[in-house]
Amino acid sequence: QVQLVESGGGSVQAGGSLRLSCAASVYTYSSACMGWFRQAPGKEREGVAFIYTDTGSTSYADSVEARFTLSQDNAKNTIYLQMNSLKPEDTGMYYCAAKPLRSGCFSRAQSYFDYWGQGTQVTVSS
């Protein structure tokens with residue numbers, strides 16, 4: 001059964017840090033494009049950060065570049081999103097997504113991804 005389980009959300013003040021985790025089933029994690037999306041109330045879901053699990057290659061949205069860092073632990077089939085210098089505009093529900101494939105991440109569109117987690121809430125207060 002394909003599963004993506006997120007954890008690590010919470011409430012912090014602006015300037016603080018959080019680390020999100022996304023644990024995936026072996027099938028989902030191996031040779032997959034995995035990503036983090038977020039959705040603020042009243043706004044569309046947006047892609048934040050992406051990683052191709054075979055190579056560790058990452059890419060980020062401009063809004064989080066240099067503040068957020070993706071990493072992976074292959075032994076645990078888990079990716080992590082380290083979020084530093086958090087801003088109130090980073091507030092939202094964060095979702096992990098995955099698309100198993102053998103070539104790389106070619107899109108940041110929601111429709112590109114096959115599997116989604118249940119989400120974890122991040123709240124940043126000013």
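Just so it is clear, the model here is predicted, and its values are computed rather than measured.
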CA sep, side-chain torsions, deciding dist, call: Y94, Q39, side chain to side chain contact (heavy atoms under 4.5 Å, CB included): CA-CA 7 Å; Y94 281 68; Q39 187 167 21; over 6 Å; no

Walk me through whether Y80 and Q72 qualify under side chain to side chain contact (heavy atoms under 4.5 Å, CB included). CA-CA 6 Å; Y80 303 96; Q72 61 187 117; 5.9 Å; no

Side chain to side chain contact (heavy atoms under 4.5 Å, CB included) between S63 and E89, intermediate numbers included: CA-CA 10 Å; S63 59; E89 50 263 45; over 6 Å; no

Should L18 and V124 be marked as a side chain to side chain contact (heavy atoms under 4.5 Å, CB included) after you check the CA-CA gap, both sets of side-chain angles, and the distance that decides it? CA-CA 10 Å; L18 285 172; V124 184; 5.8 Å; no

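When all heavy atoms are compared, the tightest approach of Y115 to L4 is O-CD1, 3.4 Å. Closest non-hydrogen pair, M34 versus A24, comes out as CE-CB, 4.0 Å. A pairwise comparison of heavy atoms in S126 and P88 identifies CB-CG, 3.9 Å as the closest pair. The minimum heavy-atom distance linking S17 with S85 is given by the pair OG-N, 4.3 Å. Here the shortest heavy-atom pairing between G9 and V122 reads CA-CG2, 4.2 Å. Scanning both residues, M93 and G119, for their nearest heavy atoms gives SD-C, 3.7 Å.
Salt bridge status for D54 with R102: absent, with no side-chain N to carboxylate O gap under 4.0 Å.
Rounding to the nearest 0.5 Å places CD1 of I51 at 7.0 Å from OG of S71. Expressed to the nearest 0.5 Å, how far SG of C96 lies from CD of Q3 amounts to 12.0 Å. The line from CD of E6 to CD of Q121 is 12.0 Å long, rounded to the nearest 0.5 Å. Atom OG of residue S31 and atom NZ of residue K99 lie 13.5 Å apart, to the nearest 0.5 angstrom. In this structure, OG1 on T123 lies 12.5 Å from CD on Q13, to the nearest 0.5 angstrom. Q82 CD to S21 OG: the interatomic distance, rounded to the nearest 0.5 Å, is 9.5 Å.
The hydrophobic clustering, which links ILVMFWY residues whose side-chain heavy atoms are closer than 4.5 Å, places L70 and Y52 apart. Following chains of ILVMFWY side-chain contacts shorter than 4.5 Å, one can reach F113 starting from L101, so the two form part of one hydrophobic cluster. F37 and I79 sit in two unconnected hydrophobic clusters of ILVMFWY residues. Membership requires side-chain heavy atoms under 4.5 Å apart, directly or through other members.
Within the 4.5 Å cutoff, side-chain heavy atoms of R67 are placed close to those of D90. No side-chain heavy atom of S25 sits under 4.5 Å from any side-chain heavy atom of N77. Using a 4.5 Å heavy-atom threshold, the side chains of N84 and F68 count as separate.
For the pair R19 and W36, the cation does not sit on the ring face, since its NZ or CZ is not both under 6.0 Å from the ring centre and inside 45° of the axis. Seen from the ring of Y95, R38 does not count as a face-on cation partner, given the 6.0 Å and 45° thresholds.
Under 3.5 Å, the side chains of T78 and D73 contain no donor-acceptor pair of N or O atoms.
Aromatic pair Y112/F50: ring centres not closer than 6.0 Å.
Surrounding CD of E44 are at most 12 heavy atoms belonging to other residues, nucleotides or ligands under 6.0 Å away.
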